[in-house]
Amino acid sequence: MTSTTDSTRELLLSRIRDVPDYPKPGVVFKDITPLLADPVAFTALTDSLVDLCVRHGATKVVGLEARGFILAAPVAVKSGLGFVPVRKAGKLPGATLGQAYELEYGTAEIEIHAEDLSADDRIMVIDDVLATGGTAEASLELIRRAGAQVAGVAVLMELGFLAGRARLEGALRGAPLEALITL
């Protein structure tokens with residue numbers, strides 16, 4: 001668990017809206033847009049993620065498309081670190097490294113510019129939600145293939161009932177997985 005205070009955790013949770021039956025019946029979508037619209041809550045979230053970057057010795061921040069970009073970019077700026085996007089396949093110009101991963105029904109692929117990372121880099125992966133762990137697992141593989149080290153993975157929310165943490169255990173290779181909120 002992180003050093004995020006109970007009051008910060010409660011503030012963040014109070015700004016996440018449940019949207020029933022979205023994007024399909026039976027799913028309760030966790031909408032973070034009210035949190036992003038609240039400057040106090042968004043600042044508290046950013047500060048908590050900055051603290052994790054500092055504590056784990058990150059030298060760069062990777063944000064996972066798309067909401068991970070929104071969270072990771074201000075963390076990178078506030079902590080004085082570089083920001084590197086991990087995008088869906090075909091969205092980055094130039095030479096990229098790609099990694100396919102399994103979805104519930106099919107596969108997907110993400111890419112990164114390998115030249116944005118070096119062997120001296122310790123990367124903190126940031127995203128809004130850890131669900132099944134597929135995207136995070138693929139991003140860890142990409143980071144290591146690019147020659148960098150993994151400082152950890154930090155998420156706003158972990159949906160514990162989807163077992164993403166268990167899926168990531170081997171891929172983390174001892175790096176921490178930090179969730180500010182676990183549902």
Side-chain angles (χ1 to χ4, degrees), residues 1-2 12 16 18-33 35-36 45 48-49 52-53 56 58 60-73 75-76 83-92 95-114 116-117 121-183:
M1 189 51 69
T2 69
L12 299 176
I16 298 169
D18 285 349
V19 181
D21 298 320
Y22 183 81
K24 61 183 185 177
V27 173
V28 178
F29 183 79
K30 300 295 185 183
D31 180 13
I32 67 167
T33 58
L35 188 156
L36 300 174
L45 170 58
S48 294
L49 294 171
L52 292 174
C53 288
H56 297 299
K60 287 188 180 161
V61 174
V62 158
L64 303 183
E65 188 167 335
R67 288 181 299 260
F69 295 172
I70 298 168
L71 304 185
V75 169
F83 170 77
V84 180
V86 168
R87 304 271 338 245
K88 293 175 184 172
K91 300 290 184 180
L92 289 171
T96 61
L97 284 177
Q99 182 68 39
Y101 61 99
E102 297 291 322
L103 298 169
E104 187 175 356
Y105 299 105
T107 61
E109 185 174 353
I110 55 174
E111 295 178 333
I112 193 168
H113 282 139
D116 293 340
L117 303 178
D121 284 323
R122 289 183 44 79
I123 308 302
M124 180 62 76
V125 176
I126 295 179
D127 205 4
D128 66 327
V129 176
L130 175 65
T132 62
T135 307
E137 181 180 44
S139 73
L140 297 176
E141 177 66 23
L142 279 178
I143 290 163
R144 290 188 177 108
R145 285 179 47 215
Q149 305 163 52
V150 175
V153 175
V155 296
L156 166 59
M157 279 180 286
E158 177 181 355
L159 304 179
F161 58 92
L162 293 176
R165 183 175 291 270
R167 179 177 182 168
L168 280 182
E169 191 173 315
L172 286 165
R173 301 183 195 167
L177 168 56
E178 305 269 11
L180 302 180
I181 299 168
T182 301
L183 303 173

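Below, each value reflects all heavy atoms present in this structure, side chains not excepted, and no hydrogens, waters or symmetry copies.
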note = Rounded to the nearest 0.5 Å, the CZ atom of F83 sits from the CG atom of D116 at a distance of 10.5 Å
note = Of all heavy-atom pairs linking A151 and P176, the shortest is O-CD, 3.2 Å
remark   = In short, A72 meets I126 closest at the heavy-atom pair CB-CB, 3.9 Å
Step-by-step side chain to side chain contact (heavy atoms under 4.5 Å, CB included) determination, L172 to V153 = CA-CA 8 Å; L172 286 165; V153 175; 3.8 Å; yes
query = Rounded to the nearest 0.5 Å, how far apart are CD of E111 and CG of L92?
reply = 6.0 Å
Student check: side-chain heavy atoms of I181 and L156 closer than 4.5 Å = yes
ask   = Thinking salt bridges, do E65 and R87 make one under a 4.0 Å N-O criterion?
value = yes
Matching residue for E137 among R167, R165, R144 - test: salt bridge (charged side-chain N to carboxylate O under 4.0 Å, His left out) = R167
query = Do you know which two heavy atoms are closest between D128 and L71, and how far apart they sit?
reply = CA-CD1, 3.6 Å
Electrostatic pair D127:R67 at N-O distance under 4.0 angstrom = no
query = If you round to the nearest 0.5 Å, how far is CG of L140 from CD of Q99?
reply = 10.0 Å
key: Smallest separation among heavy atoms of A136 and L130, with atom names   = CB-CD1, 4.4 Å
key: Interatomic spacing from CG in L45 to CG in L180 - rounded to 0.5 Å   = 6.5 Å
ask   = Where the side chain of E178 meets the backbone of L52, is there a donor-acceptor pair that is under 3.5 Å apart?
value = no
query = Shortest non-hydrogen contact from A154 to L49?
reply = CB-CD2, 3.8 Å
query = Pick from T132, T107, T135: which one makes a side-chain hydrogen bond (donor to acceptor under 3.5 Å, both in side chains) with Y101?
reply = T135
task = May I ask you to check whether over 12 heavy atoms, not counting those of E109, lie within 6.0 Å of atom CD?
result = yes
ask   = From F69 CZ over to L64 CG, what is the distance, rounded to the nearest 0.5 angstrom?
value = 8.0 Å
query = Just one of L159, L162, I16, V28 clears the side-chain contact (heavy atoms from CB on, under 4.5 Å) bar with L183, so which one?
reply = L159
note = For A138 and I110, the nearest pair of non-hydrogen atoms, with its separation, is CB-CD1, 3.6 Å
request  = Please round to the nearest 0.5 Å and tell me the distance separating atom NZ of K60 and atom CG of D121.
outcome  = 4.0 Å
task = Without swapping roles, check the side chain of D31 against the backbone of T33 for a donor-acceptor pair under 3.5 Å.
result = yes
task = Would you sort out whether V150 and R173 count as a side chain to side chain contact (heavy atoms under 4.5 Å, CB included), showing the intermediate values?
result = CA-CA 9 Å; V150 175; R173 301 183 195 167; over 6 Å; no
Whether over 12 other heavy atoms sit under 6.0 Å from Y22 OH = no
